[in-house]
Amino acid sequence: PTSAFTNAFTNAKAGMEGVDREMVKRVVHDMSVNSAHFATESRKEAAVEAKILAMKKRAASIRPSALATIKAAVDDRVARMEASRDLTKTWVHVDMDSFFASVHILERPELRDVPMAVGGMSMISTANYAARKFGVRSAMPGFIAKKLCPQLVFVDSDFAKYKHYASLTREVFKEYDPQFDAGSLDEAYLEISAYCAGKSMTPADVAEALRREVREKTKLTCSAGVAPTRRLAKVCSDANKPDGQMVIEPTRDAVAALLSSLPVRKIGGVGKVLDRTLAAFGIATCGDLLRERALVVALFSEVQSDFLLGVAIGVGGEARPARPPGWAPQRKSLSQERTFAPTADARALAAKIAALAEEVAAGLARENLLTRTVTLKMKRADFEVAQRQTSLPRPTNDAQTISDAALRLFRGEKNTHGSLRLLG
DNA sequence: GCGGATCAC
DNA sequence: TATGGTGATCCGC
Ligand SMILES: Nc1ccn([C@H]2C[C@H](O)[C@@H](COP(=O)(O)OP(=O)(O)OP(=O)(O)O)O2)c(=O)n1
Ligand SMILES: [Mg+2]
């Protein structure tokens with residue numbers, strides 16, 4: 001597992017081993033460089049660079065004595081976090097392998113060995129491993145993927161199918177942890193310490209058994225990570241994909257050994273921007289993060305430094321979220337948005353808004369919910385996004401009321417919006 | 001309360 | 001020719 005781990009992690013994503021990344025970068029760039037999308041992305045990146053530069057200036061102005069004071073306080077904070085470390089939980093993160101693509105392969109086995117992606121020329125949801133060899137991946141426009149891999153076959157997505165197979169996997173998860181947490185259709189967190197004790201099985205054997213059962217019941221493969229925290233379990237589930245697993249022993253040393261060279265970008269919640277920001281301060285791995293803890297606390301908000309310190313020492317996310325019996329997830333928003341051929345025709349746009357309002361109202365009614373606010377989302381033809389929000393005098397699920405509110409917001413932007421490519 | 005940004009999948 | 005949809009969270013007003 002260790003060597004596979006190292007190998008997989010020198011690459012961006014499972015299945016990308018051996019991909020000529022420079023070539024992929026060049027093709028993606030060449031296909032994009034003259035587009036409005038590229039221009040907007042470039043502008044956003046410039047804004048990120050500016051923000052980072054401002055942060056560097058701030059860092060340079062911190063007096064060494066101030067940093068030393070911070071350091072002492074940070075060490076105190078880290079010591080408290082360390083004292084709270086809990087190695088008694090056994091978290092498993094299960095993640096289906098190239099989920100959407102694998103579901104289609106079940107019904108069309110001939111697609112297993114030909115490069116295939118779910119989606120179309122505009123956008124790809126995911127790709128099978130044959131396609132990943134060419135650098136094809138999630139969220140890549142199909143026409144670029146096709147340039148990377150001319151033989152690439154597209155398959156239309158089918159959410160009813162994905163939901164069906166997701167429910168089959170959940171039947172299995174339930175046996176191992178009735179309180180399992182499904183983040184999305186294709187993954188779940190399970191806490192299996194009770195199961196292991198009851199069956200006198202090791203966590204590794206339980207993970208093997210779970211994966212075997214998922215395979216038998218669905219004919220789909222999945223990968224698993226086992227660790228004392230959810231965060232680390234998730235890192236591990238990616239390490240030996242596909243159809244593999246990795247276990248971190250529940251000791252402080254094992255956790256520290258893993259973290260010392262683990263790129264921060266592998267941690268859930270660390271995306272492109274935070275990764276770039278940290279990199280600007282010489283922080284690439286969780287080990288770097290721990291070394292630079294004083295700087296981290298000096299530069300980031302309390303919320304973010306709490307998160308980053310937890311990442312650095314591998315604590316956080318070990319407790320099962322406290323939920324009263326009968327608890328059901330409470331949604332905070334419900335939305336509908338749609339991309340279309342860019343148009344500036346105000347009547348046509350207004351009609352789209354009304355249609356979206358109908359759908360949202362139906363969604364609210366279906367879940368017996370009322371909304372207190374309405375947000376209108378607009379994406380201009382040049383991919384710039386703007387949102388306008390309003391609070392209603394009283395909660396509603398009436399389509400007309402929602403539509404009227406959205407149309408008021410829309411008219412308020414009339415002078416600025418011009419041609420749009422998306423409304424929500 | 002609002003609007004932009006970031007992140008996950 | 002062609003760059004998605006849904007939901008959550010945080011920051012700075
Ligand atoms: N930007 C994205 C990322 C993912 N998905 C969908 C398609 C995936 O099949 C599914 C699960 O996401 P994963 O990140 O787990 O990716 P896969 O399961 O496809 O591949 P892997 O084997 O790397 O987990 O979510 C999507 O629509 N858009
Ligand atoms: Mg997956």
Side-chain angles (χ1 to χ4, degrees), chain A residues 13-14 28-29 31-45 47-48 50-51 54-55 93 95-96 98-101 117-126 137-147 154 156-157 159 162 166 182-188 231 234 237-238 264-277 300-307 329-342 356 359-360 363 367 372-392 409 412-413 416 421-424:
Chain A
K13 174 79 183 168
V28 170
H29 177 271
M31 293 294 289
S32 306
V33 66
N34 289 319
S35 68
H37 185 265
F38 187 89
T40 300
E41 287 304 305
S42 302
R43 196 195 47 71
K44 284 199 265 183
E45 283 190 24
V48 167
K51 204 183 73 185
M55 245 173 125
H93 181 252
D95 188 303
M96 305 302 294
S98 49
F99 182 52
F100 292 3
V118 177
M121 286 296 261
S122 292
M123 185 51 61
I124 284 173
S125 289
T126 194
R137 53 191 302 166
S138 289
M140 180 181 273
F143 69 92
I144 295 179
K146 199 82 175 163
K147 192 77 169 186
F154 292 121
D156 286 337
S157 65
F159 276 85
Y162 312 146
S184 68
L185 283 180
D186 101 312
E187 66 183 327
R231 203 143 60 206
K234 173 137 177 79
S237 71
D238 206 43
V264 287
R265 187 68 167 86
K266 292 293 171 189
I267 302 285
V270 180
K272 191 175 163 188
V273 171
L274 183 52
D275 185 45
R276 293 253 296 260
T277 305
F300 290 90
S301 72
E302 170 125 15
V303 170
Q304 267 194 320
S305 65
D306 256 339
F307 167 71
Q330 289 273 294
R331 70 156 73 237
K332 298 181 174 59
S333 66
L334 188 157
S335 66
Q336 291 272 313
E337 62 188 63
R338 211 151 293 135
T339 295
F340 43 80
L356 291 164
E359 293 174 48
V360 166
E367 298 185 37
R372 282 184 298 131
T373 70
V374 172
T375 301
L376 176 69
K377 176 172 173 177
M378 293 158 286
K379 192 191 281 181
R380 298 183 343 201
D382 65 2
F383 294 88
E384 293 281 0
V385 174
Q387 301 202 123
R388 297 291 176 263
Q389 181 183 336
T390 185
S391 300
L392 302 174
L409 293 168
E413 298 300 309
T416 52
R421 68 173 352 261
L422 171 144
L423 280 168

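First the proteins, then the strands, lettered A, B, ... as listed; each starts at 1.
- Each of A/D275 and A/T390 was assigned the nucleotide of DNA chain B with the nearest heavy atom; the assignment lying further toward the 5' end belongs to A/T390.
- Among the atoms of the strands shown, only primed sugar atoms or phosphate atoms (P, OP1, OP2) are found under 4.0 Å from some heavy atom of A/I267.
- Comparing A/L185 and A/V48 along DNA chain B, the residue whose closest nucleotide (by nearest heavy atom) sits nearer the 5' end is A/V48.
- Residue contacts for A/L274: at a heavy-atom cut-off of 4.0 Å it reaches the sugar-phosphate backbone alone, with no base atom in range.
- At the phosphate of C/dT6, neither OP1 nor OP2 sits under 4.0 Å from any side-chain N or O atom of A/R331.
- Between A/L423 and A/F340, the shortest heavy-atom distance links the atoms N-CE2, 3.4 Å.
- At a threshold of 4.0 angstrom between heavy atoms, the contacts of A/L422 are confined to the sugar-phosphate backbone, with no base atom among them.
- If you check C/dG4, C/dG5, B/dG1 against the side chain of A/R372, the one that comes closest is B/dG1.
- Of the candidates C/dA8, C/dG4, B/dG4, the closest approach to any side-chain atom of A/R421 belongs to C/dG4.
- Taking atom P on both nucleotides, B/dA8 is separated from C/dT3 by 24 Å, rounded to a whole Å.
- At a threshold of 4.0 angstrom between heavy atoms, the contacts of A/G120 with the nucleic acid are absent.
- Backbone-only contact: A/Q336 has heavy atoms under 4.0 Å from sugar-phosphate atoms and none from a base.
- Counting all heavy atoms, side chain and backbone alike, A/I124 lies closest to A/A117 at CD1-CB, 3.8 Å.
- Judged by distance alone, with hydrogens and angles left aside, A/S122 brings no side-chain donor or acceptor close enough to the base of C/dT1 to form a pair under 3.5 Å.
- The listed nucleotides are C/dG4, C/dT3, B/dT6; the one nearest the side chain of A/S35 is C/dT3.
- A straight line from CD of A/E45 to P of B/dA5 spans 14 Å, rounded to a whole angstrom.
- The aromatic rings of A/F159 and A/F100 stand perpendicular to each other, their planes meeting at an angle above 60°, with 30° marking the opposite boundary.
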Does the side-chain contact (heavy atoms from CB on, under 4.5 Å) test come out yes or no for A/R338 and A/Q336, once each step is laid out? CA-CA 7 Å; A/R338 211 151 293 135; A/Q336 291 272 313; 3.3 Å; yes
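- Heavy atoms of A/S32 sit under 4.0 angstrom from at least one base atom.
- Listed candidates were B/dC2, C/dT3, B/dC9. Nearest to the side chain of A/S184 is B/dC9.
- Listed candidates were C/dT3, B/dG3, C/dC10. Nearest to the side chain of A/V303 is C/dC10.
- Out of B/dC9, C/dC11, C/dT3, the shortest distance to the side chain of A/M123 is found at C/dT3.
- Nearest nucleotide to the side chain of A/A386, out of B/dG4, C/dT3, B/dC9: B/dG4.
- Put simply, A/S335 has a side-chain N or O that comes within less than 4.0 Å of OP1 or OP2 on C/dG7.
- The two residues A/D156 and A/V118 make their nearest non-hydrogen contact at C-CG1, 4.4 Å.
- Among the atoms of the strands shown, only primed sugar atoms or phosphate atoms (P, OP1, OP2) are found under 4.0 Å from some heavy atom of A/K234.
- Backbone-only contact: A/F383 has heavy atoms under 4.0 Å from sugar-phosphate atoms and none from a base.
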